[in-house]
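Owing to the predicted nature of the structure, the values given are computational and were not obtained by experimental measurement.
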Amino acid sequence: MEDEFLVALQLEDILSGGGHAVVGTVPDLAGLGGLAEAPDVALVDLNLRDGLTGPAAARHLAGQFGAQVIYVTANPGQIGTPAETAIGVVQKPFTRQSILAAIAYALAGCPAAGRPADLEPLG
């Protein structure tokens, strides 16, 4: 979930280039209803087009789809109560490698010894 168009395009490019399918780009909480498929992993910014709704969106994605949540934000202090399936934070500005490493870690089942340096733990 990302409300900034250019950042959303950059993330889509990174994910597609890394061999991952992009289920959807959602700029606000209301846009969650338009997802046609359940995501395995969700990249979630906190401040979306409709305000500080990223934390609620992350909890929705975790609860409804069981998606693993990776917060992608410059303001991790705004997370509040993290989504049940949240695995960490990649701070903005991010790199291609930091996003792909976080996704690979999530898809590998979050092995204890394999946490990427740029995927900060929650709390």
Side-chain angles (χ1 to χ4, degrees):
M1 299 193 63
E2 175 63 57
D3 65 322
E4 295 179 39
F5 181 71
L6 293 178
V7 175
L9 284 177
Q10 180 184 16
L11 285 169
E12 283 186 28
D13 181 57
I14 289 170
L15 294 171
S16 295
H20 303 287
V22 176
V23 175
T25 302
V26 180
D28 54 33
L29 194 56
L32 286 175
L35 288 178
E37 293 179 50
D40 294 322
V41 179
L43 302 176
V44 180
D45 190 9
L46 300 179
N47 292 291
L48 301 174
R49 185 169 46 194
D50 53 355
L52 183 59
T53 57
R59 289 189 295 274
H60 175 82
L61 289 162
Q64 180 163 345
F65 300 114
Q68 293 185 66
V69 172
I70 298 169
Y71 295 101
V72 181
T73 182
N75 303 300
Q78 293 180 320
I79 291 171
T81 302
E84 178 179 316
T85 58
I87 62 170
V89 177
V90 173
Q91 291 230 24
K92 288 180 178 179
F94 54 81
T95 65
R96 174 182 177 80
Q97 182 56 35
S98 64
I99 294 296
L100 291 177
I103 295 287
Y105 175 75
L107 294 176
C110 305
R115 178 178 282 278
D118 290 337
L119 181 62
E120 299 171 11
L122 295 163

Between Leu35 and Gly24, what is the shortest heavy-atom contact and its length?
CD2-CA, 4.1 Å
Report yes if some heavy atom in the side chain of Leu46 is under 4.5 Å from a heavy atom in the side chain of Tyr71; otherwise report no.
yes
Minimum heavy-atom distance Ala38-Phe65, with the two atoms named
CB-CD2, 3.3 Å
Going by the rule side-chain hydrogen bond (donor to acceptor under 3.5 Å, both in side chains), which residues pair with His60 if we only count those two or more places apart in sequence or in a different chain?
Gln64
Please list, chain by chain and in numerical order, all residues satisfying side-chain hydrogen bond (donor to acceptor under 3.5 Å, both in side chains) with Ser16, sequence neighbours excluded.
none
Closest approach of Pro39 and Leu61, non-hydrogen atoms and distance?
CG-CD2, 4.2 Å
Can you name the residues that form a side-chain hydrogen bond (donor to acceptor under 3.5 Å, both in side chains) with Gln91, not counting sequence neighbours?
Glu120
Contacts of type side-chain hydrogen bond (donor to acceptor under 3.5 Å, both in side chains), residue Glu12, not counting sequence neighbours:
Thr25
When you compare the side chain of Ile14 with that of Ile103, does any pair of heavy atoms fall below 4.5 Å?
no
So, do His20 and Leu100 sit near enough that their side-chain heavy atoms are less than 4.5 Å apart?
yes
Val7 side chain reached by Asp45 side chain, heavy atoms, under 4.5 Å
no
In this structure, CG of Asp50 is separated from CG of Leu29 (nearest 0.5 Å) by 5.5 Å
Hey, does Asp40 have a side-chain heavy atom less than 4.5 Å from the side chain of Gln68?
no
Side chains of residues 79-86: which donor-acceptor pairs under 3.5 Å do they make with residues two or more places apart or in other chains?
residue	atom	partner	partner atom	Å
Thr85	OG1	Ala67	O	2.4

Rounded to the nearest 0.5 Å, what separation is found between the CG atom of Leu43 and the CZ atom of Phe94?
8.5 Å
I'd like to know if the side chain of Arg115 and the backbone of Leu119 have a donor-acceptor N/O pair within less than 3.5 Å.
yes
Taking the side chain as every heavy atom from C-beta outward, state whether Leu107 and Val41 have any atom pair closer than 4.5 Å.
yes
Could you tell me which non-hydrogen atom of Asp28 sits nearest to which non-hydrogen atom of Val26, and how far apart they are?
O-CG1, 3.0 Å
Which heavy atom of Ser98 sits nearest a heavy atom of Val90, and at what distance?
OG-CG1, 3.7 Å
What is the minimum heavy-atom distance between Pro111 and Ala108, and which atoms define it?
CD-O, 3.9 Å
Can you list everything that forms a side-chain contact (heavy atoms from CB on, under 4.5 Å) with Asn75? Sequence neighbours excluded, please.
Asn47, Thr73, Gln78
